[in-house]
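All of these numbers come straight from a predicted model, not from anything done at the bench.
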There are 2 protein chains.
Amino acid sequence: MEKTRAVTARPSPEAARDIPEATVARLPVYLRALTTLSEQGTSTCSSEELAGAAGVNSAKLRKDLSYLGSYGTRGVGYDVEYLRYQIAREIGVTQDWPVVIVGIGNLGQALANYSGFRSRGFRVVALLDADEARHDEVVAGLEVRPFSDLEQIVSDHAVAIGVIATPAVAAQDVADRMVACGITSILNFAPSVLSVPEQVDVRKVDLSIELQILAYHEQRKTQGAAS
Amino acid sequence: MEKTRAVTARPSPEAARDIPEATVARLPVYLRALTTLSEQGTSTCSSEELAGAAGVNSAKLRKDLSYLGSYGTRGVGYDVEYLRYQIAREIGVTQDWPVVIVGIGNLGQALANYSGFRSRGFRVVALLDADEARHDEVVAGLEVRPFSDLEQIVSDHAVAIGVIATPAVAAQDVADRMVACGITSILNFAPSVLSVPEQVDVRKVDLSIELQILAYHEQRKTQGAAS
DNA sequence: TAGATTGTTAATCGATTAACAATC
DNA sequence: TAGATTGTTAATCGATTAACAATC
């Protein structure tokens, strides 16, 4: 009676391959909302409640969850712990991800100290900086090491994810070296467009771009009031 | 002979109202690419070149620019300086935007020191923190002030944009106070869902969510290799 | 004029949403 | 059984892209 896609009750890794990007980007938001609910002692929630906590509408939430499987109970809702685990497993944060941060300026230090990484399965294994003057400095309990140690560290810790927090001018070089070492996922805070091989994923966080998007809308609000 | 929308040769603020969100989010990227080209001494570029520098395909670039007006020359390309100015004006970064940062921990300090804001029309006018122990500390040339000064500062400097870099638990309170003071755009670095009135824009930057999205894709790469 | 490149069209693709049948 | 809520459908909306007429 069920549709073809849903027939495989526990979706195998293969079957689950086609989760839309927009859904993938929201799964961590749901995960965080479930963690909050769990900490508040909530053991069951409806799609309406969870959607509220995550800041989306409930139709979208249910549609998103339907790509993972059927983890709810009609007429009842979702078991918070169970759903939390299923989403964590789907994202991959039930395992430990060693991460290396390159560029230990203000932002790099803030990232090294950010407790939100550790609690979500990410472990910062090394801090690297090209500036010799910074070496042996200790940040967040880790010694800052020369950039040339990258290869050794990546191979020692099986690092798959690299974070770039260098100035723009250095970012492409760092990315090239990361790729050469076998890193296949990069989070880039430098304001520059990286070119990498197809199999390497790059995500970009650009603080001033976010402000500019706000400014665009802000400008129109004010204009509207003036005209 | 031209279509209705394009008839208003210089689009008035009113006419330009309907730029798609996806396009708005890319305008700052084009602006940065044009600034780089300009600094390299390039005075003219084709959509192909600019698209390359911005990391998008040229069809998308031309489509995006078409929402602003006709700023290129067929057979020739775009004048780098002219296009740069037109996009800056459209975004609103030809004017000065006073910004206040609340929460001067590691991340708040990194933001306060980030030079990319100033060079793009954003001016940090005050740093606020609820922790008394931090007051009178000087960060990026600004004294850290009590959170209770918010209202005075917003009114003195006509602040329209606020940045939240506090722990999650404080973020909603800060947002409420900001809204009460008349701030209508918020950039939120705290890992929490803010609820604000409809007319207030909130953008969220969540470091650990970005890493989780990378982890999701990373997990599948590895799985694919193993299975 | 011939070559180059924009600005626009139209087709396609992916994301969102309301509504509701399925089912606890 | 009656009430509640999921999981899915189908319609709608918005974004992307290739192709090309317009035009420098």
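Within 3.5 Å, no donor on the side chain of Arg74(A) pairs with an acceptor on the base of dT5(D), nor the reverse.
Here the P atom of nucleotide dT6(C) and the CG atom of Leu68(B) are 15 Å apart, to the nearest Å. Between the CG atom of Leu50(A) and the P atom of dT5(D) there is a distance of 14 Å, given to the nearest Å. Distance Leu61(A) CG to dT6(D) P: 8 Å, rounded to the nearest Å. Atom P of nucleotide dT8(C) and atom CG of Leu65(B) are separated by 11 Å, given to the nearest angstrom. Rounded to an integer number of Å, the gap from Asp18(A) CG to dG14(C) P is 11 Å. We find that CG of Leu83(A) is positioned 16 Å from P of dT5(D), with the value rounded to whole Å. The interatomic distance linking Tyr71(B) (OH) with dT23(D) (P) rounds to 19 Å, in whole Å.
When the side-chain nitrogen and oxygen atoms of Ser47(A) are compared with OP1 and OP2 of dT6(D), one or more of them lie within a distance under 4.0 Å.
Under the Watson-Crick or G-U wobble criterion, with both distances below 3.5 Å, dA22(C) is paired with dT5(D). The base-pairing partner of dT12(D), taking Watson-Crick or G-U wobble contacts with both distances under 3.5 Å, is dA15(C).
Among residues two or more places apart in sequence or in another chain, the side-chain hydrogen bond (donor to acceptor under 3.5 Å, both in side chains) test is passed with Asn106(B) by none.
Side-chain atoms of Ser38(A) and Glu81(A) include a donor-acceptor pair closer than 3.5 Å.
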request  = Show the numbers, then the answer: is there a side-chain hydrogen bond (donor to acceptor under 3.5 Å, both in side chains) between Ser208(A) and Arg32(B)?
outcome  = CA-CA 10 Å; Ser208(A) 85; Arg32(B) 174 166 281 151; 3.2 Å; yes
query = Which is it for Gln172(B) and Ser192(B) under the side-chain hydrogen bond (donor to acceptor under 3.5 Å, both in side chains) test, yes or no, and what are the steps along the way?
reply = CA-CA 8 Å; Gln172(B) 183 63 59; Ser192(B) 45; over 6 Å; no
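Here the options are Asp64(B), Leu31(B), Thr94(B), the test is side-chain contact (heavy atoms from CB on, under 4.5 Å), and the partner is Ile87(B); only Leu31(B) passes.
Among the protein residues, Glu21(A) comes within range of the sugar-phosphate backbone only, with heavy atoms under 4.0 Å from sugar or phosphate atoms but none that close to a base.
Looking at Leu107(A) and Asn113(B), their side chains never come closer than 4.5 Å, going by heavy atoms from C-beta outward.
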Contact list (N/O, under 3.5 angstrom) for nucleotides 16-18 of chain C vs protein:
unit_1	atom_1	unit_2	atom_2	d
dT16(C)	OP1	Arg26(A)	NH1	3.1
dT16(C)	OP2	Arg26(A)	NH1	3.2
dT16(C)	OP2	Arg26(A)	NH2	2.7
dT17(C)	OP2	Asn57(A)	ND2	3.0

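The side chain of Tyr78(B) sits closest to dG7(C) out of dC24(C), dT6(D), dG7(C).
Annotation for Leu111(B) and Ala165(B): closest pair CD1-CB, 4.2 Å, computed over non-hydrogen atoms.
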